[in-house]
Amino acid sequence: MDTSQLLKGVLDLAVLAVLRKEDGYGYDVVRRLRSGGLNDVGDASVYGTLRRLYNAGLLTSYVVPSEEGPHRKYYSINEPGRVRLAESGKTWRSFASTLNGLLGEVA
Amino acid sequence: MNTQQARLGVEGYLAGMRAALADLPPAEVAEIMEDVEAHVSEIAAELGEGETLEQRLGSPEAYAQELRTAAGYPARTEVIKKHKITGKLTKSRIAVWGFAAAVVFTVLAGTVSVRDPEPLILPAIVLALSFALIHEQGPELAKVRALPEVQKAKELLNQPVDTPAGKALAYLRSLQPAWWLLRTLLLVLAAVLMTRRDLLAFVLVVALAAAAFYGGPKSKSDRRWLWVTLPASALAAAVILGLIDIAADSVRLSSNSYPSYQVYQERYENIYPFDSNGKPLEGVLLFDQDGKAINAPDVGGQRCPNAEPVIPANKYPRPKIDWQNGQCVTIPPSISQPPPASSEPPTSSSAPPSSSSVAPPSPSK
């Protein structure tokens, strides 16, 4: 099964999760997702997701000047973001266990 | 990849993205671009030798599309123009305009190239630089293709077939192989004519002719060949103009010098001067404006080469020396025609001025 299809539904959750402990700029978030095992994640998808979460009021951003190259815009999770992360996390866990149950019956 | 190249690549990529996002609110686009600028720069810095941004990230349009979907923006409805880079001095734009200027200058310098090939050095250098800029195929050539001015030129050259312009272009296109052949011949001819002035020019132009002959058919698939074939065509066309100019010069020259020898040496065999009363004059010495004696051809002709020459040779009318009964006979001057401007033509047209012992009425040829 194509994981990129699955990823679409849960990318919000994944991005919020990697920002939970530490703020990060776009490419930083991409790297964290990849090192966490989501190898197929597309750069542009992550940037789009960051914009969507930001516009939904779940993230805040601040710019950090860089000595070489353009400034980096860091995103950090805010309180509504954490609430959403907790809710979505719960939903995912129950969804995953439901699916595991189904697969257990089949296998 | 050095930093300068990377920078231009980044800018081209970002410009493509901005164009693909242009329908979104400007504030939002600015936010997105803040992210993307850092991202693309960072990717560009990571690129290996020969790697391009598009290999890593896909086209700017694809990147923008993926970002739009993930961000939940409405899908773009209007057709996105590829790489809408307007008004920016990019590498590809410098290459294209340098190329165009060099071709124009080749035509100008080419018209005098047969006499003086040296001015051709300038367009040759510009073309070499321009070619160096686009040479790395891949992204730079794609950008050249995407330039608005190049697109416009393409549109002009690809008229619909059912229009008169389209038909004319199709006809010209059918003549292309013939032109390739003619172009080669013209360039070789020009090279041969240049040899007198400049041996290096001969070698270079022959090399250009050969390259253009080889590249003509190839330029259809690999547009980089245009950097050879189009200047070659420009030079060949200019050589035609140059040759026409030289031909016109030589016609002018010969038509100017024509009368100078024909009047005196071929038209007149003898001169018969008269005074205003119609009285024949004798022993008249004729000179031209430079004080040079006006000499009719030798009177003796081929049959009497040993006849005594008339001295001075510009003394008119001359006695006629003729071949009669196996020997050369000197005939005193006589009038063959009445004087043209005289109101009263001399009545005794055959009367010799002096000793009239032998008096044929008209000189025999």
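Each chain gets a letter, A, B and so on, in the order its sequence line appears, and its residues count up from 1. Hydrogens, waters and symmetry mates are skipped; everything else that's a heavy atom, side chains included, is used.
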Quick one: [atom1] on [X] to [atom2] on [Y], what's the gap to the nearest 0.5 Å?
X       : Y       : atom1 : atom2 : value
A:Tyr47 : B:Glu31 : OH    : CD    : 14.0 Å
B:His39 : A:Lys73 : NE2   : NZ    : 14.0 Å
B:Arg68 : A:Arg51 : CZ    : CZ    : 14.0 Å
B:Ser41 : A:Arg72 : OG    : CZ    : 9.5 Å

Atom [atom1] of [X] with >12 non-hydrogen neighbours under 6.0 angstrom:
X        : atom1 : value
A:Tyr62  : OH    : yes
B:Trp225 : CH2   : yes
A:Arg32  : CZ    : yes
B:Tyr73  : OH    : yes

Exercise. Which residue out of A:Ser61, A:Gly42, A:Gly48 racks up the most heavy-atom pairs below 4.5 Å with chain B?
Worked result: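 Between A:Ser61, A:Gly42, A:Gly48, the count favours A:Gly48.
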For this session: Heavy atoms only, distances under 4.5 angstrom: which of A:Leu53, A:Asp43, A:Asp12, A:Val63 has the most pairs with chain B? Name it, please.
Result: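 That would be A:Asp43.
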Problem set entry | Sole residue of A:Tyr27, A:Tyr25, A:Tyr75 in side chain to side chain contact (heavy atoms under 4.5 Å, CB included) with B:Asp35 |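 Of all the options given, the one that passes is A:Tyr75.
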Problem set entry | Nearest heavy-atom neighbours spanning A:Ala44 and B:Ala70 |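 Nearest pair, atom of A:Ala44 first, then B:Ala70: O-CB, 4.5 Å.
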